[in-house]
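These numbers come from a predicted model, not from an experiment.
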Amino acid sequence: MTPETIAAEFDVPGRVVALLPIDTGNVNDTYRVIKRTSYSEGQFVLQRINQAVFPRPDLVMANMKAITDFCHRRLEEEADKADRIWQLPRVIPTLGGEDYFVDEKGEHWRALSMIASATSHETVIDVEHAYETGYVLGHFQKIISEFPPDRLADTLPGFHITPGYLKYYDEVLDTVEAKKRLGASLEARRMEAFVEERRGFASVLEDARGRGELKLRSIHGDPKITNIMVDDITGKGTAMIDLDTVKPGLIQYDFGDCVRSACNPAGEEAKDLRKVFFDVEAFAALVKGYLEQAGSFLTDWDRRYLYDSIRLITFELGLRFFTDYLAGDVYFKTNYNGHNLNRARVQMKLCESIERREPKMREVLEGAPIRN
Ligand code: GN1
Ligand code: MG
């Protein structure tokens, strides 16, 4: 079957007229599908779930269905009081009424409603956008924090558990491929030293969880800036997308991921490393928006680990990219030789910049008004 014939399996009226690849994701294959009838046109997002990353796509879909049904109910209940129309993609069923379609090769495909007249950006545009980014994350967390995490399957065991990534990194370092790549690149050896210096820090959030200071909640898992949609008409944040990593986790993973992606003006794919730095001004705006929503459910312990979560998730993503480079690019999709090494360098440069700005960042976090 082709993606076109698969697109026709979902319950959207009309005939498929176009299938346009969306290249921003690093894991799944994504398309924008256009279907037309004799009187109108409908668009939706079609995705092939990468089973090398998600071994149980059925559970990914069960989580997504459960969380979107819950959130849609909540958004409807709140709609009259809300300052905007909040949106969230909906799972579009197949013609047979299933949440996903399995093709003849056993690949799992899903269809999601499009958040129309809205845009997601690779980098933060201005302070208002940074504020909106934090506001959307806080709002989403506020809603899903009421969803019992034990009703979500752990679809990616070990996801965001930094000590686990370090363990895997050590195993990869021992392989012939990794030794070859390290031997051939001074940058890779620099990266290795960078990781070594920060080993002790890797368990900061898991240790806090072990001591009972932080607790598992339902989280998004991947709230980077490209997964936050901004309304083209009002300029306000309107939706969180890419819900396939929704599962039990620490809200610090989400905060750290959102901040590291929004406060690097050069973006994750930057080629010129000199342009990579942590933008404290954008950060202050993001924190303001975030706390206006999240202030009501964050505990004192949650707040204490916000700075660490930013440094950690940045380091962790750098480590994940670097490990994948050493392993021969087996996890993240790449477009050129050394792509994962370059991505790792961007995150590690950002991590250094975060470390240098720690006092300022803590000031921002502590100085932000608390609205309970
Ligand atoms: C991957 O596929 P995408 O782009 O939504 C990754 C995230 C990373 C992100 C970095 C399941 O997300 O953890 O932060 O790349 N997703 C998974 O861009 O590993
Ligand atoms: Mg994702």
Side-chain angles (χ1 to χ4, degrees), residues 1-12 16 19 21-22 24-33 35 42-76 87-115 120 140-141 143-160 216-224 226-227 229 239-249 253-254 331-333:
M1 289 179 91
T2 62
E4 279 83 357
T5 54
I6 291 163
E9 293 291 331
F10 289 91
D11 194 6
V12 175
V16 176
L19 203 91
I22 300 176
T24 47
N26 295 327
V27 170
N28 296 321
D29 293 342
T30 308
Y31 305 87
R32 179 157 67 95
V33 180
K35 282 182 99 175
Q43 301 200 10
F44 65 92
V45 173
L46 177 71
Q47 289 189 302
R48 185 182 66 90
I49 305 174
N50 182 337
Q51 291 191 58
V53 171
F54 299 106
R56 292 286 307 271
D58 54 329
L59 295 181
V60 170
M61 292 314 293
N63 281 359
M64 193 182 280
K65 187 75 176 60
I67 210 81
T68 50
D69 284 352
F70 173 81
C71 291
H72 281 132
R73 261 197 316 276
R74 286 295 317 274
L75 297 182
E76 286 297 329
Q87 299 179 289
L88 199 68
R90 183 177 73 92
V91 176
I92 299 175
T94 64
L95 295 171
E98 307 290 335
D99 291 334
Y100 52 89
F101 178 79
V102 186
D103 71 12
E104 77 287 3
K105 290 192 230 123
E107 298 286 359
H108 287 53
W109 297 78
R110 66 168 171 239
L112 301 168
S113 62
M114 281 256 301
I115 305 297
S120 76
F140 184 78
Q141 282 189 349
I143 291 185
I144 62 163
S145 67
E146 285 165 30
F147 189 89
D150 54 8
R151 278 173 52 200
L152 293 173
D154 191 352
T155 46
L156 272 172
F159 193 51
H160 289 313
L216 290 182
R217 294 192 177 106
S218 302
I219 64 158
H220 181 282
D222 189 16
K224 57 181 177 182
T226 41
N227 287 335
M229 306 293 294
M240 293 271 348
I241 56 167
D242 188 12
L243 302 166
D244 53 13
T245 44
V246 165
K247 65 186 216 66
Y253 304 155
D254 276 0
Y331 187 97
F332 296 104
K333 292 192 215 169

Expected output: side-chain His160 to main-chain Gly221 donor-acceptor under 3.5 Å
yes

When rounded to the nearest 0.5 Å, the distance separating CG of Asp244 from CG of Leu59 is 13.0 Å

Rounding to 0.5 Å, atoms CZ (Arg32) and CD (Gln43) come to a distance of 4.5 Å

Query raised in the report: Using 30° and 60° as the class limits, which term best fits the ring planes of Phe147 and Phe70: parallel, tilted or perpendicular?
Result: perpendicular

Rounded to the nearest 0.5 angstrom, the CG-OG1 distance for Leu46 and Thr30 is 8.5 Å

Q: Measure the shortest side-chain to side-chain distance between Met64 and Val246 over non-hydrogen atoms and say whether it is less than 4.5 angstrom.
A: no

So do Gln87 and Met229 actually touch side chain to side chain, heavy atoms under 4.5 Å? no

| field | Under-4.0 Å salt bridge between Arg48 and Asp103 | value | no

Note: Asp99 and Val91 closest approach over all heavy atoms is O-CG1, 3.7 Å

On a heavy-atom basis, the closest approach of Pro89 and Ile241 is CG-CG2, 3.8 Å

Closest non-hydrogen atoms of Leu88 and Ala239, given as atom of the first, atom of the second and distance, are N-CB, 4.4 Å

- Is the closest basic N to carboxylate O distance between Arg73 and Asp69 below 4.0 Å? no

So, Lys333 and Asp29, do they make that salt bridge, N to O below 4.0 Å?
yes

Open item on the list: Under a 3.5 Å distance rule, please check whether Asn28 uses its side chain to pair with a backbone N or O of Asn50 as donor and acceptor.
Closed with: yes

Side chain to side chain, Arg110 and Val60, heavy atoms closer than 4.5 Å:
yes

For Arg90, the side-chain contact (heavy atoms from CB on, under 4.5 Å) test, sequence neighbours excluded, returns His72, Ile92, Pro93, Ser113

Distance col, row Arg56:CZ vs His108:NE2, nearest 0.5 angstrom, shows 9.0 Å

Original post:
Should Phe10 and Val16 count as side-chain neighbours, where that means a heavy-atom distance under 4.5 Å?
Top reply: no

Value for CD1 (Ile67) from CD1 (Ile144), rounded to nearest 0.5 Å, stands at 5.0 Å

- request: For side chain to side chain contact (heavy atoms under 4.5 Å, CB included), just list the numbers for Leu156 and Phe54, CA-CA rounded to whole Å, side-chain angles, deciding distance to a tenth of an Å, and then say yes or no.
  value: CA-CA 7 Å; Leu156 272 172; Phe54 299 106; 3.5 Å; yes

Between Tyr253 and Ile219 the two heavy atoms that sit nearest each other are CD1-CD1, 3.8 Å

Shortest non-hydrogen pair, Pro3 vs Tyr31, comes out as CG-OH, 3.9 Å

Practice prompt. Give the C-alpha distance, both sets of side-chain angles, the deciding distance and a yes or no for side chain to side chain contact (heavy atoms under 4.5 Å, CB included) between Met1 and Phe101.
Written response: CA-CA 12 Å; Met1 289 179 91; Phe101 178 79; 3.6 Å; yes

What one should report as the nearest heavy-atom pair of Pro248 and Ala153 is CD-O, 3.8 Å

**Asked** Heavy atoms, side chains only, cut-off 4.5 Å: are Gln47 and Leu112 in contact?
**Response** yes

Which of Thr24, Thr245, Asp242 passes side chain to side chain donor-acceptor pair (under 3.5 Å) with Asn227? Answer is Asp242

When rounded to the nearest 0.5 Å, the distance separating CE of Met240 from CD of Gln141 is 9.0 Å

Under 3.5 Å, is there a donor-acceptor pair between the side chain of Asp254 and the main chain of His220?
yes

query = Could you walk me through whether Phe140 and Leu243 pass the side chain to side chain contact (heavy atoms under 4.5 Å, CB included) check?
reply = CA-CA 11 Å; Phe140 184 78; Leu243 302 166; 3.8 Å; yes

Is Leu75 close to Ile143 at the side-chain level, that is, under 4.5 Å between some pair of heavy atoms?
yes

